[in-house]
A.B. asks: 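Input: one structure, supplied below.
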Amino acid sequence: MARQDQVLLLEPQHELKFRAAIWVRIPYGHFVLGILRITMCPFSDVVNTTLKLANPTDRNVCFKVKTTAPRRYCVRPNSGVLDAGTSINVSVMLQPFDYDPNEKSKHKFMVQSMLAPPEMTDMEGVWKEAKPEELMDSKLRCVFELPAENEKTHQDPDANKMMSSNLLKSESSTLSMKSMSSTLDDGGEVKKVMEECKRLQMEAQRLREENKQIREDDGLRMRKSNVLSSSQHSSHSTVKEEGLSLRTVALIVLFFVVGVIIGKLVL
């Protein structure tokens, strides 16, 4: 039994067009002593297009949007149920890739649909149990459009100056990274760098331990100094008190002797 004709109305009907952004080709001799040639890939950024699905019937319709290159595209939504008399816009986003003209005919899309049962609770189960004659599909091919030659070269002068400056900065950064990478790629250099890092880590650990020991020694010396100072102060006070006592006794004896002599003279 032949399949039914597609009940959904598609816009566009036969092909999805992905138009690349304007890109620039800078000829030889424009930058860096005439040896730099810069070409920006036409599909270096996400390119979005819209597929409109409309349901002109009086029944709900299940739909799926499939592609032959699922990793190359992001489709939202890629499935669902379209109510009677309504429509939906499906966003198809082409992911950045290296454009190859020989690959443009390999990408295709298919919109598959079927009439939804009156009481549907599990859409995935409905798709699994659907009979081949109940399925409807429409195929669309992908078209990659490049900007015309005059669009590539026609740029605002200020925009060209800004792009040139950015490209030079980017190229300089890239060359620096490549130079660093080529230096570190040498096995001997990598080994030397690793050994030097290990040596510096060990030296830092040794210095931390020495610093800790010095702080502990300083604390011990300060405690000893405080104890010694207290002991000396106590001894000095004792000697001083003993000296005062001896002088007092000597003065008393002296006064006694003087008093005795004076008494004898008087008598």
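All residue numbers refer to positions in the sequence shown, counting from 1.
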A.B. asks: To the closest 0.5 Å, what do you measure between CZ (Arg199) and CD (Glu203)?
C.D. replies: 6.5 Å
A.B. asks: Kindly compute the distance separating CE (Met93) from CZ (Phe18), expressed to the nearest 0.5 Å.
C.D. replies: 10.0 Å
A.B. asks: Say you draw a straight line from SG of Cys142 to NZ of Lys108; how long is it, rounded to the nearest 0.5 Å?
C.D. replies: 8.5 Å
A.B. asks: Mark yes when over 12 heavy atoms from residues, nucleotides or ligands other than Asp5 sit less than 6.0 Å from its CG; otherwise mark no.
C.D. replies: no
A.B. asks: Would a distance-only check, ignoring hydrogens and angles, find a side-chain to backbone donor-acceptor pair under 3.5 Å from Asn60 to Ala84?
C.D. replies: yes
A.B. asks: Using every non-hydrogen atom in the two residues, find where Phe43 and Glu145 come nearest and quote the distance to one decimal.
C.D. replies: CZ-O, 4.1 Å
A.B. asks: The test is side chain to side chain contact (heavy atoms under 4.5 Å, CB included); show your working for Val61 and Leu115 and say whether it passes.
C.D. replies: CA-CA 5 Å; Val61 176; Leu115 296 174; 3.9 Å; yes
A.B. asks: With side chains defined as the heavy atoms from C-beta onward, is the minimum distance between Leu16 and Val143 less than 4.5 Å?
C.D. replies: no
A.B. asks: Does the Ser79 side chain pair with the main chain of Val65, one donor and one acceptor, at a distance under 3.5 Å?
C.D. replies: no
A.B. asks: Looking only at heavy atoms, which two atoms of Val126 and Met114 are closest? And how far apart?
C.D. replies: CG1-CE, 3.7 Å
A.B. asks: Please confirm whether the backbone N or O of Gln95 pairs with a side-chain atom of Arg72, one donor and one acceptor, at under 3.5 Å?
C.D. replies: no
A.B. asks: Would a 4.5 Å heavy-atom cut-off, applied to side chains only, mark Glu119 and Pro117 as touching?
C.D. replies: no
A.B. asks: Minimum heavy-atom separation for Ala116 and Cys62, please, with both atom names.
C.D. replies: CB-SG, 3.8 Å
A.B. asks: Please check if the side chain of Thr68 supplies one atom and the backbone of Lys106 the other of a donor-acceptor pair under 3.5 Å.
C.D. replies: yes
A.B. asks: For atom CZ of Arg206, is the number of surrounding heavy atoms from other residues, nucleotides or ligands below 6.0 Å larger than 12?
C.D. replies: yes
A.B. asks: Keeping the roles fixed (side chain from Asn55, backbone from Arg59), state whether a donor-acceptor pair exists under 3.5 Å.
C.D. replies: yes
A.B. asks: Shared ILVMFWY cluster between Val81 and Phe63, side chains joined below 4.5 angstrom?
C.D. replies: no
A.B. asks: Mind checking whether Phe144 and Phe97 have parallel, tilted or perpendicular rings, split at 30° and 60°?
C.D. replies: tilted
A.B. asks: I'd like to check Met136 versus Leu8 (side-chain heavy atoms, cut-off strictly below 4.5 Å). Are they in contact?
C.D. replies: no
A.B. asks: Can you tell me how far apart CG (Asn48) and CG (Leu94) are? Round to the nearest 0.5 Å.
C.D. replies: 9.5 Å
A.B. asks: Is the shortest heavy-atom distance from the side chain of Leu10 to the side chain of Leu140 under 4.5 Å?
C.D. replies: yes
A.B. asks: When you group the ILVMFWY residues by side-chain heavy-atom contacts below 4.5 Å and let the links chain together, are Met123 and Ile88 in the same group?
C.D. replies: no
A.B. asks: Can you see whether Ser113 engages Asp137 through a side-chain donor-acceptor pair at a distance of less than 3.5 angstrom?
C.D. replies: no
A.B. asks: Verify the ring-centre separation between Tyr73 and Phe109: is it less than 6.0 angstrom?
C.D. replies: yes
A.B. asks: So, do Val7 and Pro56 sit near enough that their side-chain heavy atoms are less than 4.5 Å apart?
C.D. replies: no
A.B. asks: What I'd like to find out is whether the side chain of Glu15 reaches to under 4.5 Å of the side chain of Lys17, using heavy atoms alone.
C.D. replies: yes
A.B. asks: Please round to the nearest 0.5 Å and tell me the distance separating atom CD of Gln112 and atom CG of Leu135.
C.D. replies: 5.0 Å
A.B. asks: List the steps and the verdict of side chain to side chain contact (heavy atoms under 4.5 Å, CB included) for Val90 and Thr50.
C.D. replies: CA-CA 6 Å; Val90 177; Thr50 301; over 6 Å; no
A.B. asks: Between Gln6 and Val111, which heavy-atom pair has the shortest distance, and what is it?
C.D. replies: NE2-O, 3.3 Å
A.B. asks: Working to the nearest 0.5 Å, report the span between CD of Glu129 and CD of Glu134.
C.D. replies: 10.0 Å
